[in-house]
Amino acid sequence: MIKAQRGTKDIFGEESYTWQWILNNAQNVFQNAGFQEIKTPIFEATELFARGVGDSTDIVNKEMYTFQVGGIEKNATSITLRPENTAGVVRAFIEHNIVRQSPPQKFWYFGPMFRYERPQAGRQRQFHQVGVEMFGIKEPSADAEVIMSAVEFLKSVGLDNLEVELNTLGCPKCKNDYRNSIKEILKPHLENLCDDCKMRYEKNPLRILDCKNEDCQKIFEIKEVKNVILNDYICDECKDHFDTLTKYLDDLGIKYQRNKLLVRGLDYYNRTVFEIKSSALGSQSAVCGGGRYDGLVEMLGGASTPAVGFAMGVERLFTLVEKQEAPKLDYFIVSTNTKEAIKLAQKLRQQNKKVEFDMQARKFAKQLEKASKIAKNAIILGEDEINQGFYSIKNLETGEQTKIEKFENLI
RNA sequence: GCGCCUGUCGUCAAGUGGUCAAGACCUCGGAUUGUGGUUCCGAUAUGCAUGGGUUCGAAUCCCAUCAGGCGCCCCA
């Protein structure tokens, strides 16, 4: 038997109603906030992700689905199934000169992403993200708008009490100063860091702060190290930006926790970074991650443009959310006269009613039993009804049955 | 990519080396030839993730592969 590929999943039945519901809520909340939907291709040039996501990241180094296409001819090109969507949206932004529209340029998206990882709870090889990208606003109001949209969307799907963690990485200069100080203070302890952190020390020292290894944690607790970690290397401008943002969040009643150890894995972030977590998720606890990436558009060849965004993992959201049930039909047509039943179904569906009928013309009792499971009402269309031109409507909750003369009264 | 645990019907499961692999729910059929959701009867795995091996005998023991869970890593 051929099975679905490891880390992929069929979504159908009851689950699909919850998916639809999540998607509908995203559409409402984001469109009401002025975000337009953008659908970018599922594959892009490999180079886009190498440059956009960052070649020091695991995503690019070991998790991408990359293919050579065009056969073995010399001009075969390398394409990659998108591991995230920010790079693709930025590519579209540049390619279509969207920068020439008046800012802000606001987009939301929903779609599958691909990463070749070991699957576990909340982690699949094909997974889905909903997210938002906003361009053209350098003011902290943009950060606030984006975080607010995330929080409001989560509220709309009934998730009211998730923890928002917030940090600022500063501008490239602040980030660099901080990085250098971290490297300097950790240098004497390098031997005692875990193997992963030894690697990070060269490649991406800020990520050392994320390490949960006990030995590393002990080093962070050493006084001088702790001082450096918790010290602000943030310039006045970046500090103002962050302070203003937190004031907006206070005014909005959005609760957050400052987490100075929050450093996000993708290279492109600067200033604001945030995550929204749930302890109900196990070790993959982040539902949402995002931040500001003022340098990315320029880095990918566009005009220098400030930007903020976030992405949420829909599968993770799904585990947290209350499951939705299949909506009941307005009518189930109970009839052994298939010819009349199918015609009535067509007419009612044209009036935007949810209707089914029994295609096997089974026994009356069977049809009614089926109807009671999936519909609010049964329309009984037997010989008497057809000959005398009326409909018997049975309310399947109360059991009450009424006679209706005109089709219009069914609508 | 690494470590630990798991894998019996659509679902939840009993069975831990010796006749035909319990049971429940779901599904389908019947009791009920135009009145359901209750009840009662019946059907449904020559098969125990897959492939090998040990044994007179394997769902049960061993090996490999595949898949799932948790943790590491990474991230949403």
Side-chain angles (χ1 to χ4, degrees), chain A residues 1-9 12-14 53-54 56-64 83-86 110-131 150 154 194-197 199-200 204 207 210-214 216 262-266 274-278 281-291 309-320 332 334-337 358 360-375 377-386 392-401:
Chain A
M1 185 166 60
I2 298 172
K3 293 193 192 146
Q5 289 296 292
R6 180 158 210 203
T8 69
K9 222 185 146 207
F12 66 99
E14 291 287 307
V53 179
S56 77
T57 61
D58 277 15
I59 295 181
V60 169
N61 282 310
K62 36 191 194 194
E63 296 174 5
M64 296 209 298
E84 56 98 57
N85 207 30
T86 301
F110 184 110
M113 309 292 158
F114 305 84
R115 292 182 197 173
Y116 190 78
E117 295 181 274
R118 175 86 187 257
Q120 63 175 253
R123 202 169 77 182
Q124 283 176 253
R125 289 181 175 178
Q126 179 176 164
F127 62 103
H128 297 74
Q129 290 187 332
V130 220
L154 291 170
C194 68
D195 291 348
D196 289 316
C197 283
M199 304 273 288
R200 292 180 182 125
N204 196 348
R207 292 214 44 89
D210 259 350
C211 188
K212 287 140 208 147
N213 183 294
E214 278 182 30
C216 297
L262 176 64
V263 175
R264 299 197 38 75
L266 282 56
F274 68 99
E275 277 186 7
I276 302 179
K277 296 185 174 180
S278 166
L281 281 174
S283 73
Q284 314 298 323
S285 63
V287 197
C288 173
F310 67 76
M312 299 199 195
V314 181
E315 281 80 0
R316 291 182 191 178
L317 212 51
F318 187 93
T319 66
L320 296 174
F332 189 97
V334 173
S335 178
T336 49
N337 187 327
D358 191 295
Q360 303 169 96
R362 289 183 302 177
K363 282 201 286 194
F364 192 87
K366 282 288 170 210
Q367 292 194 31
L368 204 52
E369 187 182 339
K370 173 84 172 172
S372 71
K373 284 175 187 157
I374 63 172
N377 301 289
I379 297 179
I380 293 160
L381 194 61
E383 294 311 310
D384 291 351
E385 283 85 353
I386 293 167
S392 296
I393 306 302
K394 188 177 178 83
N395 180 320
L396 293 165
E397 262 159 46
T398 61
E400 196 182 335
Q401 188 162 324

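These figures come from a predicted structure and were not determined experimentally. Letters A, B, ... are given to chains in the order of the sequence lines, protein chains preceding strands, and every chain is numbered from 1.
Between B:C28 and B:A21, the two C1' atoms lie 23 Å apart (nearest whole Å). A distance of about 28 Å separates the P atoms of B:U46 and B:U65, rounded to the whole Å.
Distances from the side chain of A:Lys373 to the nucleotides B:U27, B:C75, B:G69 place B:U27 closest. Closest to the A:Ser283 side chain, of the nucleotides B:G34, B:G36, B:C72, is B:C72. Of the candidate nucleotides B:G34, B:C70, B:C75, B:C70 has the atom nearest to the side chain of A:Ala121. Picking from B:G34, B:G36, B:U27 the nucleotide with the shortest atom distance to the side chain of A:Ser372 gives B:G36. Side-chain proximity of A:Leu396 to the nucleotides B:C75, B:G34, B:G36 is greatest for B:G36.
Both distances falling under 3.5 Å, in either a Watson-Crick or a G-U wobble arrangement, place B:U65 opposite B:A49. Taking a pair to require two hydrogen-bonding distances under 3.5 Å in either a Watson-Crick or a G-U wobble arrangement, B:U38 remains unpaired. If you check B:U33 for Watson-Crick or wobble pairing at under 3.5 angstrom, you find it has no partner at all. Base-pair partner of B:G17: not found among the strands shown (Watson-Crick or G-U wobble, both distances under 3.5 Å). Of all nucleotides present, only B:C72 satisfies the Watson-Crick or G-U wobble test against B:G1, with each distance under 3.5 Å.
If you check distances only, the side chain of A:Arg316 does reach the base of B:C75 with a donor-acceptor pair under 3.5 Å. Judged by distance alone, with hydrogens and angles left aside, A:Gln401 brings a side-chain donor or acceptor within reach of the base of B:U35, the pair sitting under 3.5 Å. For B:G1, its base never sits under 3.5 Å from the side chain of A:Glu63 at any donor and acceptor pair.
Within the 4.0 Å cut-off from OP1 or OP2 of B:C66, not a single side-chain nitrogen or oxygen of A:Arg6 is found. For B:A31, one of the phosphate oxygens OP1 or OP2 lies less than 4.0 angstrom from a side-chain nitrogen or oxygen of A:Lys363. Residue A:Lys3 places none of its side-chain N or O atoms closer than 4.0 Å to OP1 or OP2 of B:G7. Dashed line: the shortest gap from a side-chain N or O of A:Gln120 to OP1 or OP2 of B:G71 is under 4.0 Å.
In terms of position on RNA chain B, the residue among A:Val314 and A:Asn395 whose nearest nucleotide sits closer to the 5' end is A:Asn395. Of the two residues near RNA chain B, A:Gln129 and A:Pro119, the one whose nearest nucleotide lies more 5' is A:Pro119.
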- Stepwise side-chain contact (heavy atoms from CB on, under 4.5 Å) check, A:Lys277 with A:Val287: CA-CA 6 Å; A:Lys277 296 185 174 180; A:Val287 197; 5.9 Å; no
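Stacking of A:Arg125 on the aromatic ring of A:Phe114 is not recorded, the 6.0 Å distance cut-off and the 45° axial limit not both being met.
The aromatic rings of A:Phe310 and A:Phe274 stand perpendicular to each other, their planes meeting at an angle above 60°, with 30° marking the opposite boundary.
Counting heavy-atom neighbours within 6.0 Å of A:Gln401 CD, excluding the residue itself, gives a total above 12.
For the pair A:Lys366 NZ and B:U27 C1', the computed distance is 10 Å after rounding to whole Å. Rounded to a whole Å, the CE atom of A:Met64 is 14 Å from the P atom of B:C75. If you measure from atom CD of A:Gln124 to atom P of B:G69, you get 8 Å, rounded to the nearest angstrom. Atom-to-atom, CD of A:Glu383 to P of B:U33 comes out at 17 Å; the value is rounded to the nearest Å. Look at CZ on A:Arg123: it is 13 Å from P on B:G1, rounded to the nearest Å. Between the NZ atom of A:Lys394 and the P atom of B:G37 there is a distance of 11 Å, rounded to whole Å. What separates CD of A:Gln284 from C1' of B:G69 is a distance of 13 Å, to the nearest Å. Remark: P of B:G68 and CZ of A:Arg118 are 9 Å apart, rounded to the nearest angstrom.
Between A:Leu154 and A:Leu317 there is a side-chain heavy-atom pair separated by less than 4.5 Å.
Under the 4.0 Å criterion applied to side-chain N and carboxylate O atoms, A:Lys394 and A:Glu400 are not assigned as salt-bridge partners.
A donor-acceptor distance shorter than 3.5 angstrom exists from the side chain of A:Arg316 to the backbone of A:Gly122, with no hydrogens or angles considered.
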